[in-house]
Amino acid sequence: MTPLAVFEPGTVWLAGAGPGDPGLLTLLAAKGLAEADVILYDALVDEAVLAMASPKAQLEFVGKRAGVKSLKQPEITARMVQHARAGKKVLRLKGGDPFVFGRGGEEAIALAQARIPFRIIPGVTAGIGGLAYASIPATHRDINNVVSFVTGRDSTGELPGNIDWDALATSSPVIVFYMALKTMPEIAQKLIKAGRAPSTPLAVISNATAASQDVVETTLGECAATLSQTEPGRPAIIAIGESVKIRGLLKGFQQTISESPDVIKAEETAP
Ligand code: SAH
């Protein structure tokens, strides 16, 4: 195998940790976990992934957690720069992919401005990996030539004001929403008004790829009622489109993380 990149002291690896299942980490992210001196991680990084960190690594939580004052983006960046300037190997670990709704771009720009060499290590984004683990193909030849990834909230926590709902509703047969549990009723109204059928299938995938993964299926027209009745767990990704129906064909046979023989064996032998 071609040797992997060297993790040099004084550099930052801005890496995606994937949506949860540690099996979805890239080899580079796994190498970063094993070799980093400092790991700055977000709330979305799964504990099973953090468990792969070297025991010598200094772990710093820099995410948002309910009730705890969170670091501001400039403070996180300052910390990365400070550790790198001290000659540390710094792993900045984010859930999913760092460049997909993860502010990875902002952090990379800040590193470039501070003249700190860095490497971007892509990760499996929840909108693709999470769908796959829920038996929903992001694209399927007979269904969609386009898939859109949309955020359900802007930096103020509200539905972004600059989305062209008419264009989205008519041009993208499959739409995947991030951070949209709160604004979904409003989103559904806008899509239906723009011409999407209320009967369009919709799936809410909570804790995708983790052992606690849960999928709720409903329709665009019914989703507001379903969400208030079932209160799905967070984080959750929401997929809209006919490809949600493919799930019915696959789910009886697709093994999930908690059904993998390794996990079952470990559970059986647990004291
Ligand atoms: N960079 C991340 C996205 C961060 S934005 C990525 O590429 O996946 C945070 C949103 O991502 C959450 O609100 C949720 O919509 C989604 N998300 C992240 N991990 C998830 C998971 N394991 N299951 C379901 N949704 C997830």
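In listed order, ligands and their atoms are each counted from 1.
Considering only residues two or more places apart in sequence or on other chains, R153 meets the salt bridge (charged side-chain N to carboxylate O under 4.0 Å, His left out) condition with none of them.
Checked against a 6.0 Å centroid threshold, the rings of W13 and F118 do not count as neighbours.
Between E60 and Q58, some side-chain heavy-atom pair lies under the 4.5 Å cut-off. When side chains are defined from C-beta on, L220 does not count as touching P198, because their heavy atoms never get closer than 4.5 Å. Between P235 and N207 the shortest side-chain heavy-atom distance falls below 4.5 Å.
With hydrogens left out, the protein atom closest to atom 9 (C) of ligand 1 is L44 CD1, 3.5 Å, a heavy atom. Of all protein heavy atoms, the one closest to atom 3 (C) of ligand 1 is V100 O, 3.5 Å. Closest to atom 4 (C) of ligand 1, if we only count protein heavy atoms, is F101 O, 3.3 Å. Given atom 11 (O) of ligand 1, the protein heavy atom at minimum distance is Y178 CD2, 3.4 Å. Closest to atom 24 (C) of ligand 1 among all protein heavy atoms lies P235 O, 3.3 Å. Ranking protein heavy atoms by distance to atom 15 (O) of ligand 1, first place goes to A236 O, 2.7 Å.
Atom CD of E106 sits in a crowded spot, with more than 12 heavy atoms from other residues, nucleotides or ligands closer than 6.0 Å.
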Query raised in the report: Given the rule in the side chain to side chain contact (heavy atoms under 4.5 Å, CB included) test, do L24 and Y133 qualify, once you have shown the distances and angles that lead to the verdict?
Result: CA-CA 11 Å; L24 296 179; Y133 270 44; 3.6 Å; yes
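Put simply, CD1 on I128 and CG on D97 are 8.5 Å apart, with the number rounded to the nearest 0.5 Å. How far NZ of K190 is from CG of D166: 10.0 Å, rounded to the nearest 0.5 Å. L202 contributes atom CG, which lies 9.5 Å from atom CD1 of I187 (distance to the nearest 0.5 angstrom).
Remark: the T77 side chain and the E107 side chain contain no N/O donor-acceptor pair separated by less than 3.5 Å.
Counting atoms of ligand 1 from 1 in the listed order, those under 4.0 Å from a heavy atom of D97 are 1 (N), 6 (C), 7 (O). The distance from ligand 1 to the heavy atoms of T125 drops below 4.0 Å at these ligand atoms: 6 (C), 7 (O), 8 (O). Atoms of ligand 1 found under 4.0 Å from any heavy atom of I205 (numbered from 1 in listed order, with element): 24 (C). Heavy-atom proximity to N207, at under 4.0 Å, picks out these atoms of ligand 1: 22 (N), 23 (N). Atom numbering of ligand 1 starts at 1 in the shown order; those under 4.0 Å from a heavy atom of I237 are 15 (O), 16 (C), 24 (C), 25 (N).
Every heavy atom of G20 sits 4.0 Å or more from the atoms of ligand 1. Not a single heavy atom of T209 sits under 4.0 Å from any atom of ligand 1.
Between G95 and ligand 1, an N or O atom pair is found at a separation short of 3.5 Å. At a 3.5 angstrom cut-off on N or O pairs, G96 does not count as close to ligand 1. Considering backbone and side-chain N/O of M179, one or more are found under 3.5 Å from N/O of ligand 1.
Closest to atom 18 (C) of ligand 1 by heavy atom, among P19, A208, G104, A126, is A126.
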